[in-house]
Every structure is written in C-alpha cells, then in structure tokens.
Amino acid sequence: MNTRTIVRLFGLPVRLVKHQEAHIRALLAGRKLRQLPIHECESLTLVREALIETLDNFFSREERAYLNHIELRRSQLLRSKKWIDDVNYGYAKGRQRRSLDGAIRSTKKVADVCRDSSIPPFWGRMLFKLVRKLKPVSCVELGTCVGLSAAYQASALSLNGKGFLRTLEGSPEIAGIARTTCKSLNLDNVSISEGAFATTLLDVLNRSSPIDLFFNDGDHHHDAVMRIFEDSLSYLAPRGIIVCDDVSWSTEMRRAWIEIEEDHRISATLDLRRFGIALLGTGMKAEAIRLPL
Ligand SMILES: C[S@@+](CC[C@H](N)C(=O)[O-])C[C@H]1O[C@@H](n2cnc3c(N)ncnc32)[C@H](O)[C@@H]1O
C-alpha cells in the first residue's frame with residue numbers, strides 16, 4: 001500500500017503518513033496476518049506466527065541478547081575504515097568490466113559493503129524468528145557478504161539447540177570478514193563456501209539435502225535467481241521453505257519472484273515486498289498472500 005492509498009483510506013495528512021509510512025504498513029500487515037484463516041498446514045502457521053511476533057517486536061530476553069550482539073557487530077563493521085578487494089560475480093551497476101572468470105574486481109571499504117549489502121535489522125529479526133519457529137535442521141544461504149544474515153540464522157539455530165547453516169560467498173576477503181563475524185559471535189554452526197556459485201552450489205546442495213530453509217540473497221539477476229531456484233528445488237525437504245530477499249529491488253527481481261509464485265511446485269507464497277517466502281508441500285495451492293511491509 002503506498003502513501004496515496006493510505007491518505008485516501010484514512011484521511012490523514014500526507015506529511016504525517018509519509019513520516020509514519022513504515023509503521024502504518026506494519027500495523028496493516030499485522031492486522032491482515034491476524035485475519036488470515038488458520039490453515040491446516042503447520043509450516044504456514046509457523047511462518048504466520050514468526051511474522052506476527054516480528055511485527056510485535058516480541059522477543060525473549062535470551063533472543064534479545066543474541067540480537068544485540070549482532071547489532072554490535074554491525075556497528076563495528078560500519079565503523080571500519082579498512083579497504084578490501086571485492087570479487088563480484090553477481091549484479092553490477094553500469095558498465096563495469098568482467099574478467100574471464102565472470103567477476104568484477106574493485107576495492108571497497110568494509111563499512112560501505114556492510115551498509116550497502118547487509119540485511120537491515122528488521123528483516124534480520126524476521127529471518128531469526130522464521131528459524132526460531134520453523135526449527136530447520138539444514139539451512140542454506142546464497143550470498144554471505146560480511147555475515148550478518150548468516151549471524152541471525154545461526155544465532156536462532158543455536159537457541160534452537162539444533163541445525164546447521166551452509167552459506168556461499170564469491171568474494172574471498174568478504175568471506176573472511178564473515179568468518180570473523182561468526183567467530184566473534186561464537187557461532188560454530190556455520191560453514192562458508194568460497195567461490196562463484198557456479199562452482200560451489202552443487203556440492204553444498206548435495207551436502208545439505210534435504211534442505212529445510214533456503215535463503216537466496218546472492219545474484220540479483222532474473223536468470224540467476226531462476227537458475228538457482230531450478231537447481232535447488234529437488235534438494236529441498238518435502239516441506240522446505242525458500243526465502244528470497246529483495247524481490248522488489250528491480251523489475252527483473254520482481255519478474256523472477258512472480259514466476260516463483262506461479263510455479264506449480266510451490267504450494268503457498270507470501271510477498272512481504274522485500275522478502276518473498278515460498279512454501280513447498282503444504283498440500284494446497286493457496287492464493288499468493290501479499291503483505292507489503
Ligand atoms: C546482497 S549481498 C548478501 C547480503 C547478506 N545476505 C546479508 O544480508 O548479510 C550478496 C552477496 O552475494 C555474493 N554473490 C552474488 N552473486 C554471486 C555469485 N554468482 N557467486 C558467488 N557470490 C555471489 C556477493 O559477493 C555479495 O557479497
């Protein structure tokens with residue numbers, strides 16, 4: 001729902017709505033989530049609970065302690081003045097030159113990488129809650145970056161007392177920072193595979209199958225998202241869940257998400273504007289649920 005619709009529906013001044021837009025959206029989404037009919041499907045019910053608790057900021061003291069540590073690590077990375085060599089196999093703006101292996105090499109500040117590419121706290125908490133509720137045993141993530149989204153998932157796995165995350169990153173120095181992130185948070189339930197997805201993904205899929213939770217936050221090209229969707233689907237658990245990040249980030253990401261939503265092998269989907277969540281094996285072809293946060 002955009003500002004104009006909110007203004008029209010609630011008769012509020014534009015300035016107030018603009019300022020409070022995220023808050024109003026969250027309230028509306030929370031209301032809509034509570035009104036959703038309770039499905040027989042357990043995973044959909046758990047996803048719904050995870051979203052409601054994230055929107056209500058409902059976290060136990062123990063959970064908050066883990067989340068605070070992650071945010072401290074984020075602040076440390078955002079203050080870093082270190083320069084690193086980035087090896088980017090994914091999306092690139094403009095006409096940057098790729099080398100023979102398909103990568104674009106550049107130097108970047110750690111703080112900029114963290115600010116531009118890491119999951120924001122709200123969405124990190126949602127990922128954390130999804131892991132807490134769904135209690136996955138095997139998790140895979142594409143796109144580790146400096147390790148923040150991995151930290152949210154691995155912290156939730158630690159609190160669950162079970163589960164392992166395998167995450168993939170193409171840029172070696174960035175993968176090294178992610179290792180430090182996990183080490184500094186005492187997370188020993190994560191492994192980071194370094195290299196282009198084209199060379200690392202298959203092995204990780206084989207070692208992780210059946211995958212309960214698959215978080216795709218890597219290459220933001222339509223074709224890459226669809227290829228990874230196709231390649232990974234048969235490695236997912238019968239009731240596995242796919243979370244795609246940035247599904248509204250560009251028209252091509254949007255197009256990829258709509259194709260996933262419409263795929264006959266997916267039983268239910270939730271479109272949260274930033275996250276697209278696709279569920280397998282719910283035993284129904286539910287309507288695509290849209291909750292634009
Ligand atoms: C958006 S960032 C991931 C952010 C991270 N999930 C977080 O929120 O903390 C995407 C990462 O995927 C990596 N990546 C993109 N395409 C890739 C590819 N084809 N192979 C390997 N790594 C890739 C990039 O190097 C980048 O660090």
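Start at 1 and go down the list; that is how both ligands and their atoms are numbered. When a residue number appears, it is its place in the shown sequence, counting from 1.
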Quick one: does any side-chain atom of [X] pair with a main-chain N or O of [Y] as donor and acceptor, under 3.5 Å?
| X | Y | result |
| --- | --- | --- |
| Ser208 | Ser138 | no |
| Thr181 | Val146 | yes |
| His220 | Gly218 | yes |

For Asn160, all residues meeting side chain to side chain donor-acceptor pair (under 3.5 Å), sequence neighbours excluded: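 Arg132.
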Going by the order shown, which atoms of ligand 1 are within less than 4.0 Å of some heavy atom of [X]?
| X | value |
| --- | --- |
| Ala196 | 20 (N), 21 (C) |
| Ser117 | 1 (C), 2 (S), 4 (C), 8 (O) |
| Gly218 | 10 (C), 12 (O), 15 (C), 16 (N) |
| Gly195 | 21 (C) |

Among all protein non-hydrogen atoms, which one is nearest to [atom], and what is the separation to 0.1 Å?
| atom | result |
| --- | --- |
| atom 12 (O) of ligand 1 | Gly143 CA, 3.3 Å |
| atom 10 (C) of ligand 1 | Asp217 O, 3.2 Å |
| atom 16 (N) of ligand 1 | Gly90 CA, 3.3 Å |
| atom 22 (N) of ligand 1 | Gly170 N, 3.0 Å |
| atom 7 (C) of ligand 1 | Ser149 OG, 3.0 Å |
| atom 26 (C) of ligand 1 | Glu169 OE1, 3.5 Å |
| atom 8 (O) of ligand 1 | Ile119 N, 2.8 Å |

Is there any N or O on Ser171 that sits under 3.5 Å from an N or O of ligand 1?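 Checking ligand 1 against Ser171, no N or O pair falls under 3.5 Å apart.
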Heavy-atom contact under 4.0 Å between Ala224 and ligand 1?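 Outside the 4.0 Å threshold, so no.
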Student check: side-chain heavy atoms of Val190 and Thr144 closer than 4.5 Å: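 When only atoms from C-beta onward are counted, Thr144 and Val190 do not touch, as no gap falls below 4.5 Å.
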Can you name the one residue among Lys133, Arg48, Arg125 that meets salt bridge (charged side-chain N to carboxylate O under 4.0 Å, His left out) with Glu53?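 Exactly one pass, corresponding to Lys133.
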Determine whether the side chain, the backbone, both or neither of Thr144 has a heavy atom under 4.0 Å from any heavy atom of ligand 1.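 It is the backbone that gets close, since no side chain atom is under 4.0 Å.
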Only heavy atoms count here, so choose which of Phe215, Trp249, Phe197 is nearest to atom 21 (C) of ligand 1.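 Nearest option to atom 21 (C) of ligand 1, by heavy atoms: Phe197.
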The criterion is side chain to side chain contact (heavy atoms under 4.5 Å, CB included); which residues satisfy it with Phe164, sequence neighbours excluded?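 Applying side chain to side chain contact (heavy atoms under 4.5 Å, CB included) to Phe164 gives Arg166, Asn189, Ser191.
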For the pair Phe128 and Phe59, name the ring-plane relationship: parallel under 30°, tilted 30 to 60°, perpendicular over 60°.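 Taking Phe59 first and then Phe128, their aromatic rings sit tilted (interplane angle of 30° to 60°).
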N-O pairing of Arg105 and Asp86 below 4.0 Å: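 Salt bridge between Arg105 and Asp86, a charged N being under 4.0 Å from a carboxylate O: no.
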Between Arg254 and Asp271, is there a salt bridge with N-O shorter than 4.0 Å?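 A salt bridge links Asp271 with Arg254.
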